[in-house]
Amino acid sequence: MIQEHSIVLESVSLSFPHHNSGRFTIFEKMNNLFKKSHQSWFRVINNLDLKVKRGEVIGILGNNGAGKSTLLQLLAGVYKPDFGHVRTEGRIVLLASLGLGFSNELSGRENIYIMGGLLGLDSEYLKEIEEDIVIFSGLGEFIDSPIRTYSSGMRARLGFSIACHSNPDILLIDEVFSVGDQDFKRKSKQKIEDMVRGETTVVVVSHSVSILENICDNIIYMKDGSIVVDDNQHYAISLYTGRA
């Protein structure tokens, strides 16, 4: 049975421990490991409810610390909620820490298969899309050089290209529009726009209101780990830009 919603969050909460920035001796650090019950915690996601229909494109606005990136990581399964339930349908790709999971000693081409495998793609499908990934990344002959020789921008371009060609059911995008030079930024935006016009369910975090207005069916506004507005795109934008 095909579900109407590909993402459902019900009363979801998540807390992180406060980190003390003061200096500790090694003994004090070890001792603190056994004092978890005395740690102070802060609520990152606060009793959050959200439903996203299959094929819907949702944008998330909010100031730094609002919980936007943590929400995407909850959806991707990076974190498990302390309370509530998270349900997703289909294969998920999170575009955030691009290049995470690469093997430094292997070439870019070899890492296509490493990262592709982590995304749940089989080797036969990866062979079919390998050259498309290489061409889109713009790495040229560097694709056969070890990843350790890549700049951070080159790693990010390859990671973005692999993820975008992986044909996910749910695409989670966290501020990846600044990757690479102007030509690659243009290609990145076009690729994402092509994806969101299909059947992929998309949740995208960005500080660019214009990008979200162009590609999203709806825009929500988050503050202090909660969704303040989820049914009025214009009001969400006005809260974020301070015009409300």
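Because the structure is predicted, anything quoted here is derived from the model rather than measured.
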Q: Quick one: name the residues clustered hydrophobically with V8, using the 4.5 Å side-chain heavy-atom rule over I, L, V, M, F, W, Y, and just say none if it's on its own.
A: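 For V8, no cluster forms, as it stays isolated from other hydrophobic side chains.
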
Would you say [Y] ends up clustered with [X] if hydrophobic residues are merged whenever their side chains have heavy atoms under 4.5 Å apart, either directly or through other cluster members?
X	Y	result
I114	L139	no
V134	Y125	yes
L48	F16	yes
L118	L106	no

Of all residues at least two apart in sequence or in a different chain, which pass the side-chain hydrogen bond (donor to acceptor under 3.5 Å, both in side chains) check with [X]?
X	value
T201	S6
T70	none
S208	S210
T149	none

Among all residues two or more places apart in sequence or in another chain, which pass the side-chain contact (heavy atoms from CB on, under 4.5 Å) test with [X]?
X	answer
N104	I147, R148, R155
R91	V93, L119, L121, S166, N167, D169
V209	L61, E213, I237, Y240, T241
V12	L9, I45, L74, P81, V86

Q | Gap between atom CD of E89 and atom NE2 of H5 - 0.5 Å precision | A | 11.5 Å

Q: Would you list the pairs meeting salt bridge (charged side-chain N to carboxylate O under 4.0 Å, His left out) in which at least one residue belongs to residues 216-237, sequence neighbours left out?
A: none

**Q.** Pairs where residues 107-131 contributes a residue and the test salt bridge (charged side-chain N to carboxylate O under 4.0 Å, His left out) is met, not counting sequence neighbours
**A.**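 Every salt bridge (charged side-chain N to carboxylate O under 4.0 Å, His left out) pair that includes a residue of residues 107-131, provided the two are not neighbours, is R109-E130, R109-E131, R109-D144, E124-K127.
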
(Q) Is the ring pair F136/F160 parallel, tilted or perpendicular, if the boundaries are 30 and 60 degrees? (A) parallel

Q. How would you list all residue pairs meeting side chain to side chain donor-acceptor pair (under 3.5 Å) that involve residues 76-85, not counting sequence neighbours?
A. none

Q) If we only count heavy atoms from C-beta on, is the C216 to V204 side-chain gap below 4.5 Å? A)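 Answer yes - side chains close enough.
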
Q. Do other residues, nucleotides or ligands put more than 12 heavy atoms under 6.0 Å from the CZ atom of F83?
A.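 Counting other residues, nucleotides and ligands, CZ of F83 stays at 12 neighbours or fewer.
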
